[in-house]
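Heavy-atom basis, side chains included; hydrogens, waters and symmetry copies ignored.
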Amino acid sequence: MENSNKDFFKTMDLAEKQLDSSLVYEGRLLKVYKDNIVLPNGHKTTREYIKHIGAVAIVAMDDKGRVAVEHQFRYPFGCELLEIPAGKLDYVGEDPLSAAQRELREETGIVAGCYEYLGPFYPTVAYSTEVIHLYLATELSFGERELDDDENINVEMVDLKLLVKQILEGKVPDAKTQAALLNVWARNCSK
């Protein structure tokens with residue numbers, strides 16, 4: 001007896017309906033909500049989630065195949081992590097490309113002549129509305145950084161091949177950095 005996948009995997013409407021919503025916490029970076037909802041099967045439950053304004057992350061690659069990476073201490077993990085340049089949008093509706101240009105220049109001193117949009121990245125779909133807009137920046141020139149008062153960042157240029165190797169060895173745990181670098185690596189390999 002042969003079953004098609006269509007017969008085996010029945011589909012249903014998966015939309016959850018909000019009954020009410022309450023703001024639990026509002027901070028400088030995010031807002032935490034608790035919503036009462038109704039599931040597709042009629043059961044009631046709650047959803048707790050974070051509303052985030054959004055962010056950008058940039059793979060800044062020079063003509064030698066080297067990428068600008070940052071070393072930052074990340075307080076929640078109590079250690080220094082390797083990441084691509086990134087930052088949050090300054091306000092709702094800010095153009096992500098403008099934010100990417102600003103963040104790259106401020107954090108690294110790099111100005112890029114060309115930007116390519118790599119797409120949106122949803123880092124934590126189970127409990128946050130954050131969307132990180134990923135970019136590839138090329139035609140780089142180097143100048144002075146303009147770090148915010150709360151930023152302490154070391155920057156270096158590292159070969160993309162080495163970064164991909166480090167990702168595959170589990171040495172680069174930051175999700176946005178993994179996704180963006182592997183995206184650029186795959187694009188270059190397919191050419």
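- For S128, there are no side-chain hydrogen bond (donor to acceptor under 3.5 Å, both in side chains) partners at least two apart in sequence or on another chain.
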Determine, stepwise, if the pair L160 / M61 fulfils side chain to side chain contact (heavy atoms under 4.5 Å, CB included).
CA-CA 8 Å; L160 178 60; M61 189 164 61; 4.0 Å; yes
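- Heavy atoms only, all atoms of each residue included: T129 and H52 are closest at OG1-N, 3.0 Å.
- Each of L29, V56, L30, I132 was compared with K88 under the side chain to side chain contact (heavy atoms under 4.5 Å, CB included) criterion, and only L29 meets it.
- In this structure, CD on Q72 lies 9.5 Å from CG on N154, to the nearest 0.5 angstrom.
- L162 is listed as a side-chain neighbour of Q166, based on a closest heavy-atom distance under 4.5 Å.
- What you find for A112 and T138 is that their closest heavy atoms are CB-O, 3.4 Å.
- For the pair V69/E156, a side-chain contact is recorded, criterion being any heavy-atom separation below 4.5 Å from C-beta on.
- In this structure, E116 pairs ionically with R187, as a charged nitrogen and a carboxylate oxygen lie closer than 4.0 Å.
- Taking OH of Y49 as the reference point, atom OG1 of T124 lies at 13.5 Å (rounded to 0.5 Å).
- Side-chain atoms of E83 and H71 form no donor-acceptor pair, as typed in the model, at a separation below 3.5 Å.
- V172 and I153 are not part of a single hydrophobic cluster, where members link through side-chain heavy atoms under 4.5 Å apart.
- Looking at every heavy atom in both residues, P85 comes nearest to A68 through CD-O, 3.4 Å.
- Scanning for salt bridge (charged side-chain N to carboxylate O under 4.0 Å, His left out) contacts around E130 gives an empty result, with sequence neighbours left out.
- Note on V158 and I167: same hydrophobic cluster, where clusters join Ile, Leu, Val, Met, Phe, Trp and Tyr whose side-chain heavy atoms are under 4.5 Å apart, directly or indirectly.
- Contact check on R105 versus E146 returns a salt bridge, with a Lys/Arg side-chain nitrogen under 4.0 Å from an Asp/Glu carboxylate oxygen.
- Taking a 6.0 Å sphere around OH of Y122, one finds it holds 12 or fewer heavy atoms contributed by other residues, nucleotides or ligands.
- Both V125 and V131 are part of a single hydrophobic cluster, where members link through side-chain heavy atoms under 4.5 Å apart.
- Using a 4.5 Å heavy-atom threshold, the side chains of L136 and Y115 count as separate.
- Contact record, D159 with K64: OD1-O, 4.2 Å, taken as the closest heavy-atom pair.
- Relative to the six-membered ring of Y33, K51 meets both conditions, a distance below 6.0 Å and an angle of at most 45° to the axis.
- In this structure, I58 and I84 approach most closely via the heavy-atom pair O-CB, 3.4 Å.
- R47 and E16 are joined by a salt bridge, as a carboxylate oxygen and a charged side-chain nitrogen come within less than 4.0 angstrom of each other.
- One distance of note links CD of E139 with CG of D63; it measures 10.0 Å at 0.5 Å rounding.
- Considering only heavy atoms from C-beta on, L181 comes within 4.5 Å of V59 through its side chain.
- Side-chain contact between K17 and I37: absent, with no pair of heavy atoms (C-beta onward) separated by less than 4.5 Å.
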Run the side chain to side chain contact (heavy atoms under 4.5 Å, CB included) test on V67 and W185 for me, step by step, so that the C-alpha distance in whole Å, both residues' side-chain angles and the decisive distance to 0.1 Å come before the verdict.
CA-CA 11 Å; V67 173; W185 175 257; over 6 Å; no
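- Around CD of E169, the count of heavy atoms belonging to other residues, nucleotides or ligands within 6.0 Å exceeds 12.
- Proximity of a side-chain donor or acceptor of D62 to a complementary backbone N or O of G65 within less than 3.5 Å is detected.
- A single hydrophobic cluster is not seen to contain both L104 and F121; linkage of ILVMFWY side chains at heavy-atom distances under 4.5 Å, directly or through other members, places them apart.
- Atom OG1 of T45 and atom CG of D35 lie 11.0 Å apart (nearest 0.5 Å).
- Using a 4.5 Å heavy-atom threshold, the side chains of I50 and Y127 count as touching.
- Expressed to the nearest 0.5 Å, how far CD of Q101 lies from CD1 of I110 amounts to 13.5 Å.
- Clustering ILVMFWY residues whenever any of their side-chain heavy atoms sit less than 4.5 angstrom apart, transitively, puts L140 in a cluster other than the one holding L163.
- Heavy atoms of other residues, nucleotides or ligands lying less than 6.0 angstrom from NZ of K176 number more than 12.
- Here D95 pairs with nothing under the salt bridge (charged side-chain N to carboxylate O under 4.0 Å, His left out) rule; sequence neighbours left out.
- Counting heavy atoms from C-beta outward, H133 and Y117 have side chains that approach closer than 4.5 Å.
- In the displayed structure, D150 atom CG is contacted under 6.0 Å by more than 12 heavy atoms of other residues, nucleotides or ligands.
- Salt bridge present: D90 and R102 bring a charged side-chain N and a carboxylate O closer than 4.0 Å.
- Separation of atoms OG1 (T46) and CG (L19) is listed at 11.0 Å; rounding is to 0.5 Å.
- In plain terms, the two heavy atoms of E107 and V155 that are nearest each other are O-CG2, 3.7 Å.
- For F73, the CZ atom counts as densely surrounded, since its 6.0 Å shell holds more than 12 non-hydrogen atoms of other residues, nucleotides or ligands.
- Proximity of E106 to D148: side-chain heavy atoms (C-beta onward) are separated by under 4.5 Å at one or more points.
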